[in-house]
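Each remark here refers to the structure printed beneath this line.
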Amino acid sequence: MQYWLMKSEPEEVSVDDAIAAPKSTVPWTGVRNYQARNFMRDQMRVGDGVLFYHSSCAEPGVVGLGEVASTPYPDPTQFDRKSKYYDAASKKEEPRWTLVDVHVRKKTRLLGLPELRAAKGLEDLVILRRGNRLSITPVEAKHWRQILKLLGET
DNA sequence: GCCAACGTTGGC
DNA sequence: GCCAACGTTGGC
């Protein structure tokens with residue numbers, strides 16, 4: 001069992017959007033970074049914990065809890081000419097981009113970036129490290145536990 | 001809108 | 001395979 005932090009831009013898919021989706025589950029489309037893709041393709045397992053994180057917005061931070069809800073499969077948007085995630089170089093027989101479904105179990109209070117940065121013990125959280133821009137990052141078990149505590153989850 | 005940090009591309 | 005130029009991310 002592993003844990004992950006997954007960034008979503010609320011203007012694209014907010015935590016409310018995700019919860020409102022059928023089965024409160026959304027395909028994690030649009031990842032076009034190999035490292036992030038590899039996490040989904042090679043390391044994620046159904047049931048892994050997910051921190052749903054809002055980025056590129058007024059109040060970035062953790063806003064929801066969920067889990068990985070599928071095994072990896074090709075991201076359909078890479079073949080969709082009308083999608084902004086269309087990738088002309090990706091072939092159907094050899095898809096370049098892979099994703100998983102994420103089930104959002106509950107919306108939490110906003111645990112914002114400033115609060116995350118101020119929390120003793122979270123200094124090494126990948127997302128807080130300088131220059132980190134990865135949209136999907138692993139979360140250590142101890143960090144996961146501390147974040148749940150900060151959220152008032154037990 | 002700025003810009004630091006990092007990833008990707010492409011000429012050589 | 002190197003690396004400069006360019007593009008993107010994402011907080012501020």
Side-chain angles (χ1 to χ4, degrees), chain A residues 2-21 25-44 48-68 72-104 106-140 142-144 146-153:
Chain A
Q2 289 188 265
Y3 305 97
W4 306 94
L5 183 146
M6 302 180 76
K7 296 179 188 173
S8 184
E9 300 186 11
E11 291 198 0
E12 289 220 17
V13 182
S14 70
V15 66
D16 292 319
D17 296 335
I19 286 181
T25 298
V26 287
W28 211 261
T29 53
V31 170
R32 295 295 180 267
N33 169 282
Y34 289 107
Q35 233 185 312
R37 178 207 67 180
N38 292 349
F39 283 139
M40 291 195 284
R41 189 189 65 183
D42 305 332
Q43 293 192 232
M44 284 189 182
D48 278 1
V50 171
L51 300 171
F52 195 104
Y53 181 96
H54 279 171
S55 74
S56 290
C57 58
E59 296 187 301
V62 175
V63 290
L65 291 172
E67 58 277 329
V68 174
Y73 63 97
D75 180 344
T77 64
Q78 70 193 304
F79 304 122
D80 178 0
R81 287 179 184 281
K82 282 169 291 186
S83 168
K84 67 186 240 193
Y85 299 119
Y86 177 65
D87 183 351
S90 183
K91 302 276 164 275
K92 283 248 180 186
E93 319 78 65
E94 205 180 336
R96 180 177 292 183
W97 304 109
T98 298
L99 52 65
V100 297
D101 291 342
V102 174
H103 171 240
V104 179
K106 70 179 298 186
K107 185 178 178 175
T108 65
R109 74 176 179 91
L110 168 73
L111 173 50
L113 247 195
E115 190 178 349
L116 287 167
R117 288 195 190 282
K120 261 210 164 125
L122 290 183
E123 296 84 0
D124 295 330
L125 190 68
V126 176
I127 203 187
L128 301 181
R129 290 194 205 138
R130 241 168 81 89
N132 189 291
R133 300 176 311 168
L134 259 189
S135 62
I136 298 176
T137 52
V139 175
E140 291 177 44
K142 64 178 179 183
H143 293 150
W144 173 268
Q146 182 169 356
I147 286 166
L148 290 205
K149 207 171 197 177
L150 287 170
L151 288 169
E153 304 286 329

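Below, read A as the first sequence line, B as the second, and so on, with proteins coming before strands; counting in each chain starts at 1. Side chains included, hydrogens not; waters and symmetry mates left out as well; all remaining heavy atoms used.
- Remark: A:Tyr53 pairs with no residue by the ring pair (Phe, Tyr, Trp, His ring centres under 6.0 Å) rule, at least two apart or across chains.
- For DNA chain B, the residues of residues 123-137 of chain A within the heavy-atom distance limit of 4.0 Å (strictly under) are A:Arg130, A:Gly131, A:Arg133, sorted by number.
- For A:Tyr85, the ring pair (Phe, Tyr, Trp, His ring centres under 6.0 Å) test picks out no residue, with sequence neighbours left out.
- For A:Thr29, the side chain to side chain contact (heavy atoms under 4.5 Å, CB included) partners two or more places apart in sequence, or in a different chain, are A:Pro27, A:Asp75, A:Thr77, A:Leu99.
- With sequence neighbours left out, the ring pair (Phe, Tyr, Trp, His ring centres under 6.0 Å) criterion links A:His143 to no other residue.
- Not a single ring pair (Phe, Tyr, Trp, His ring centres under 6.0 Å) links A:Phe79 to another residue, sequence neighbours left out.
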Quiz: residues 109-126 of chain A side-chain donor-acceptor pairs under 3.5 angstrom, not counting sequence neighbours:
{"from": "A:Arg109", "atom 1": "NE", "to": "A:Leu150", "atom 2": "O", "distance (Å)": "3.4"}
{"from": "A:Arg109", "atom 1": "NH1", "to": "A:Glu115", "atom 2": "OE1", "distance (Å)": "3.2"}
{"from": "A:Arg109", "atom 1": "NH2", "to": "A:Glu115", "atom 2": "OE2", "distance (Å)": "2.8"}
{"from": "A:Arg109", "atom 1": "NH2", "to": "A:Leu150", "atom 2": "O", "distance (Å)": "2.8"}
{"from": "A:Arg117", "atom 1": "NH1", "to": "A:Leu128", "atom 2": "O", "distance (Å)": "3.4"}
{"from": "A:Glu123", "atom 1": "OE1", "to": "A:Gly121", "atom 2": "N", "distance (Å)": "2.9"}
{"from": "A:Glu123", "atom 1": "OE2", "to": "A:Gly121", "atom 2": "N", "distance (Å)": "3.2"}

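- With sequence neighbours left out, A:Asn38 forms a side chain to side chain contact (heavy atoms under 4.5 Å, CB included) with A:Arg41, A:Asp42.
- Bounding nucleotides for the chain A contact on DNA chain C, 5' to 3', at a heavy-atom distance below 4.0 Å, are C:dG7 to C:dC12.
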